[in-house]
Amino acid sequence: MQTTVPDLSTITNEIWTAMFGIGVEPADDGADHARGERVVTGVVQLTGDAEGAVTVQCSDRLARRATATMFAVDVTEVSDEDLSDCIGELANMTGGNVKSALDGHNELSLPSVTVGRDYEVTVRGSRVVQRRAFDAAGDTLVVTLLTRDRA
Amino acid sequence: MRALIVDDSRATRAVLRRLLHGLSFDGIAEAGDGRQALEELSANGPADVALVDWNMPVMDGLEFVSRVRSDTANDVMRIVMVTTEADADHMVSALEAGADEYAMKPFTAAVIRDKLALLGVV
């Protein structure tokens, strides 16, 4: 198990500022998306000395704003394919920066993206070691690090 | 100047394309993985610079760089790894394989511009 715990707040703020020009403000740790809200989740898995996953969950509205920025199009022109690509890359960047802060040798999976309402993301055998909620220009963003204990 | 962007994320390719266009690159090709990028080089010859992601399906960036450097016809092409892989082991592996520079995601326009300036391609 890693002895270093990455700072999800710093990592998240750096990524959102650099890629989207959107500063993120810490919200109450318990802050979450509203029931029934359409939420986009990007996930990358960590394997190696630290086993686990990093998830990035944002509202559909925030995801579309971020995607529109990366593709330089109007929000109304964002396709579901574009949205999935953008949030997958966002999870990849977040996971990559988390991985860099962990001890030992680790590998990162390619990202996967889920879109829906009222669902829960779980990674079998893992537990949440850090969860950070943010206010991103009025929308909720949640970044979570899960690790799996070795048998 | 001609550039080749190799990244499985279309969103990141779009960002890099705009950035390079703003630096007066007039020929910008894209590939979604290393194999597609090799096909692009085979069809159109080496670009002045390639911006290459590491983690991609089919063929990753490290293998792409190794294959590019195994053909002396590509010696003129500078290679910048643009990746989330930030640890020293990955950097050393990329440089040993033949990458010329290394930039971390998330990147800013200034960082990419500075890397390209170091290589003399802007």
Side-chain angles (χ1 to χ4, degrees), chain A residues 4 6 10-22 42 44-50 54 63-64 66-73 77-79 81-113, chain B residues 5-23 28 30-36 51-64 80-94 102-115:
Chain A
T4 306
T10 300
I11 289 170
T12 302
N13 197 43
E14 285 179 357
I15 290 172
W16 281 76
T17 301
M19 300 309 296
F20 309 119
I22 299 174
V44 287
Q45 305 247 4
L46 288 161
T47 55
D49 293 322
V54 175
R64 288 184 186 278
T67 304
T69 299
M70 287 193 84
F71 282 98
V73 298
E77 299 174 56
V78 170
S79 69
E81 186 182 2
D82 294 341
L83 188 103
S84 179
D85 185 293
C86 178
I87 301 306
E89 180 69 343
L90 187 57
N92 178 51
M93 286 186 202
T94 308
N97 281 269
V98 166
K99 181 173 85 78
S100 299
L102 294 172
D103 295 331
H105 181 79
N106 300 292
E107 297 293 338
L108 203 63
S109 74
L110 293 172
S112 59
V113 176
Chain B
I5 304 168
V6 190
D7 198 305
D8 58 329
S9 167
R10 290 184 302 103
T12 292
R13 297 205 304 267
V15 171
L16 289 172
R17 172 179 280 276
R18 286 199 305 280
L19 201 160
L20 292 172
H21 186 72
L23 294 172
I28 303 171
E30 297 182 18
D33 60 61
R35 184 176 296 171
Q36 285 181 11
L51 304 181
V52 183
D53 187 20
W54 190 300
N55 293 314
M56 296 181 286
V58 184
M59 180 188 293
D60 66 26
L62 186 64
E63 184 175 352
F64 169 72
V80 182
M81 297 298 290
V82 183
T83 174
T84 61
E85 298 289 356
D87 56 86
D89 289 348
H90 280 86
M91 289 188 193
V92 169
S93 297
Y102 206 97
M104 274 293 297
K105 292 180 180 179
F107 51 80
T108 62
V111 166
I112 299 298
R113 186 181 62 236
D114 289 349
K115 297 292 183 185

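Values below: every heavy atom of this structure, side chains too, minus hydrogens, waters and symmetry copies. Here is how names work: the chains are called A, B, and so on, in the same order as the sequence lines, proteins then strands, and each is numbered from 1.
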- request: Determine whether more than 12 heavy atoms belonging to other residues, nucleotides or ligands lie under 6.0 Å from atom CZ of B:Arg35.
  value: no
message: Can you tell me which portion of B:Asp8 sits under 4.5 Å from chain A's heavy atoms? Options are side chain, backbone, both or neither.
response: both
A:Glu89/B:Arg10 ion pair, N-O < 4.0 Å: no
task: Answer whether the closest heavy-atom distance between the side chains of B:Ser9 and A:Asn92 falls below 4.5 Å.
output: no
Residue selection (most heavy-atom pairs with chain B, distance under 4.5 Å) from A:Asp85, A:Asp82, A:Thr67, A:Thr17: A:Asp85
task: Check each atom of A:Ile15 against the heavy atoms of chain B and say whether the ones under 4.5 Å are side chain, backbone, both or neither.
output: both
message: Measuring from atom CZ of A:Phe71 to atom CZ of B:Arg18, what distance do you get when rounded to the nearest 0.5 angstrom?
response: 9.5 Å
message: Report which part of B:Thr12 has an atom under 4.5 Å of a heavy atom belonging to chain A: side chain, backbone, both, or neither.
response: both
message: If I compare all heavy atoms of A:Met70 with all of B:Val15, which pair ends up nearest, and what's the gap?
response: O-CG2, 3.5 Å
- prompt: Relative to chain A, which segment of B:Arg13 carries a heavy atom at a distance below 4.5 Å: side chain, backbone, both, or neither?
  reply: neither
query: Picking from B:Ala14, B:Pro57, B:Ala11, which has the most non-hydrogen pairs under 4.5 angstrom with chain A?
result: B:Ala11
- prompt: Yes or no on side-chain hydrogen bond (donor to acceptor under 3.5 Å, both in side chains) for A:Ser100 and B:Asp87, after CA distance, side-chain angles and deciding distance?
  reply: CA-CA 6 Å; A:Ser100 299; B:Asp87 56 86; 5.1 Å; no
query: What part of A:Thr69 lies closer than 4.5 angstrom to a heavy atom of chain B: side chain, backbone, both or neither?
result: backbone
- request: Find out whether A:Glu14 and B:Met104 are in side-chain contact, i.e. whether some heavy atom of one side chain is under 4.5 Å from a heavy atom of the other.
  value: no
query: Are any non-hydrogen side-chain atoms of A:Asn97 and B:Pro106 less than 4.5 angstrom apart?
result: yes
- request: Working to the nearest 0.5 Å, report the span between OG1 of A:Thr94 and NZ of B:Lys105.
  value: 11.5 Å
